[in-house]
Amino acid sequence: MLSCFSSFPEKSEGNVPILTRGQHAFSFKFQLPESSLPCSFEAKPCTIRYYVKVTIDIPYASPPQGMKYFTVIGPHIDCMDEQYLKPVVGQDRRAVCCLCCRRGVVQLKSSLERTAYCCGESIRLKADIDNQSEENVRLRLKLTQFAEFFIERGVLGLNKETSHTVLEYRGDVIEPHTRSRFDSSNSLVVPVMPPSLVGICRLLQIYYVLKVWIEMEKSGDDLHMNFPITIATCPFRIPNAKQQPIIGYEACCDHVEGGMYIGPEFQLGQVYDGTFGMEEGENVVLYRPVYVCVKCQSHKEEENNSQISPKTSKR
C-alpha cells in the first residue's frame with residue numbers, strides 16, 4: 001500500500017477539491033512500506049505489478065485517468081550474508097561393470113564456493129572426475145529455475161509448477177582410466193532473471209537448483225548431485241577492494257519465467273497473448289520489469305562470455 005501527500009487549491013466544495021480553469025501542477029510523494037516487497041514480475045499465470053494511477057473526476061463525463069508502472073527491486077538478498085558464504089561440497093561414486101565382469105569406479109567430487117549469486121556474476125564451481133571404468137564419461141551442468149504459482153480458490157486452492165533451463169554445460173569426453181578437473185572460472189555467468197522468492201509472496205515462489213552429474217555413454221547410468229542456488233539482489237563484494245561491482249538494471253532474458261511473457265496492455269500495435277514468437281515483426285514494448293545485474297567485468301571475462309550462449313555452454 002502506498003501513501004500519497006499532495007497540495008490542492010484552497011477553493012473547494014466540502015471535502016472535494018475543485019480545480020479552476022487553467023493549468024495545475026501537484027507534487028506527490030510516495031513512501032514504500034519498510035517490508036520485504038516481492039519484485040515486479042510478469043508471467044502468464046501470475047503478475048506482480050506496481051503502478052501510480054491518477055484520475056480526474058469530471059461531473060457527467062467519463063473521468064480521464066493515467067497510469068504509470070514502476071519496478072520494485074526486491075527482496076533484499078545480500079551475497080555477503082554469512083549463510084551464503086559457506087562453501088558446499090558434494091561427493092558420489094559408482095561401480096560400473098563391463099562385459100568381462102571387471103568393475104571400475106567412477107567418482108565425482110564437486111565444490112561450490114558460495115551459494116548466492118547476483119545476475120551477471122559467474123557461478124564458482126570446481127569438479128574432480130576420476131574415471132576408472134571402461135567407458136567414456138562426460139561432465140554435465142544445468143541451472144534450472146523452478147516457479148510455483150498458487151491460486152486461492154476453494155478450501156485447498158490450486159497450484160502450478162514450471163521449470164526452465166537457465167544455463168547448461170556439456171563437457172568434453174573423459175576417457176577410461178583418466179582423471180579430469182573442471183573449474184567454471186567465468187564460463188557460467190548468470191543471465192538477468194528474477195531473484196529468489198521464497199516465503200515472500202503468497203501467490204508465487206521462485207527458486208533455483210544447480211544439477212551436477214556424470215553422463216556415462218554406454219551404461220546410461222548417471223552420477224549426479226544437486227546444489228541450491230540463491231539469486232540475490234546485492235552482489236558479492238571484496239572488502240577494501242579498489243574496484244567494486246557496478247550495478248545495472250536490465251530486462252529478464254526470454255527463456256525463463258519473468259521474461260517469456262509480456263502483457264498485451266504493454267504492447268503497442270496488434271493485440272496478442274503476450275508470448276514471444278506469436279506475431280511476426282517488431283513490437284513496441286511500453287513497459288518491462290528490470291532486475292539487478294552486475295556490469296563490472298574484466299576484458300578476459302567479456303571474451304569468455306562472448307563465446308557462450310545463455311542456455312548452452314561447451315568447454
Side-chain angles (χ1 to χ4, degrees), residues 36-51 68-79 116-123 142-150 160-168 188-198 200-201 203-210 228-236 245-268 272-279 282-297 305-306 308-313:
S36 296
L37 292 175
C39 63
S40 301
F41 180 78
E42 292 286 326
K44 257 191 172 182
C46 171
T47 59
I48 301 175
R49 295 171 178 172
Y50 301 88
Y51 59 88
K68 180 66 174 179
Y69 288 86
F70 62 93
T71 298
V72 169
I73 304 297
H76 178 76
I77 305 175
D78 195 344
C79 291
Y117 298 88
C118 196
C119 297
E121 293 183 325
S122 177
I123 298 178
K142 181 186 290 187
L143 177 62
T144 306
Q145 178 202 60
F146 294 92
E148 298 179 1
F149 304 95
F150 304 95
K160 177 182 179 180
E161 182 177 346
T162 63
S163 62
H164 301 280
T165 300
V166 179
L167 290 173
E168 193 170 10
L188 297 178
V189 179
V190 179
V192 180
M193 55 188 181
S196 300
L197 288 177
V198 179
I200 302 295
C201 180
L203 302 178
L204 171 68
Q205 285 202 139
I206 301 177
Y207 58 96
Y208 300 86
V209 176
L210 176 64
I229 297 294
T230 300
I231 301 301
T233 53
C234 295
F236 177 79
I246 300 176
I247 299 298
Y249 301 94
E250 294 183 5
C252 179
C253 58
D254 60 3
H255 59 272
V256 298
E257 294 289 357
M260 302 173 63
Y261 172 82
I262 299 178
E265 59 269 41
F266 299 139
Q267 293 288 324
L268 186 62
Y272 74 117
D273 66 351
T275 305
F276 285 101
M278 296 297 294
E279 297 288 345
E282 295 183 358
N283 295 312
V284 178
V285 179
L286 302 178
Y287 167 78
R288 291 189 70 185
V290 294
Y291 302 101
V292 178
C293 62
V294 176
K295 290 293 187 179
C296 183
Q297 290 184 330
N305 295 342
S306 64
I308 299 171
S309 62
K311 294 182 63 176
T312 307
S313 58

Determine, stepwise, if the pair I206 / F41 fulfils side chain to side chain contact (heavy atoms under 4.5 Å, CB included).
CA-CA 11 Å; I206 301 177; F41 180 78; 3.7 Å; yes
Apply side chain to side chain contact (heavy atoms under 4.5 Å, CB included) to the pair I48 and C39, showing each step before the final yes or no.
CA-CA 7 Å; I48 301 175; C39 63; 6.0 Å; no
Working note: T230 + Y117, criterion side chain to side chain contact (heavy atoms under 4.5 Å, CB included); need CA distance, chi angles, decisive distance, verdict.
CA-CA 6 Å; T230 300; Y117 298 88; over 6 Å; no
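Evaluation of the side chain to side chain donor-acceptor pair (under 3.5 Å) rule for T71 yields Y287 as partners, not counting sequence neighbours.
Residues G263 and E42 come closest through the heavy atom pair N-OE1, 4.2 Å. Nearest heavy-atom pair, C46 versus F149, reported as atom, atom and distance to 0.1 Å: CB-CD2, 3.4 Å. Minimum interatomic distance between T144 and V166 (heavy atoms only, all atoms of both residues): C-CG2, 4.3 Å. When all heavy atoms are compared, the tightest approach of D254 to M260 is O-CG, 3.5 Å. Heavy-atom minimum distance, C252 versus G259: SG-N, 3.6 Å. Residues V290 and A251 share a closest heavy-atom pair of CG1-N, 4.0 Å.
Between L143 and I229, the closest side-chain pair of non-hydrogen atoms falls below 4.5 Å. In this structure, the side chains of P38 and Y50 come closer than 4.5 Å at one or more pairs of heavy atoms. Within the 4.5 Å cutoff, no side-chain heavy atoms of Y208 are placed close to those of V190. Counting heavy atoms from C-beta outward, Y291 and I73 have side chains that stay 4.5 Å or more apart. The shortest side-chain heavy-atom distance between Q267 and V285 falls under the 4.5 Å cut-off. Between V72 and S40 the shortest side-chain heavy-atom distance falls below 4.5 Å. In this structure the side chain of P194 never reaches within 4.5 angstrom of the side chain of I231, judged on heavy atoms. A heavy-atom distance below 4.5 Å is found between the side chains of R49 and E265.
Between T47 atom OG1 and L203 atom CG the span is 9.0 Å, to the nearest 0.5 Å. With rounding to the nearest 0.5 Å, the separation of SG in C201 from CG in L37 is 10.5 Å.
The backbone N or O of E257 sits less than 3.5 Å from a side-chain atom of Q145, completing a donor-acceptor pair.
Ring orientation note: the planes of Y207 and F146 are close to parallel, at an angle under 30° on the 30°/60° scale.
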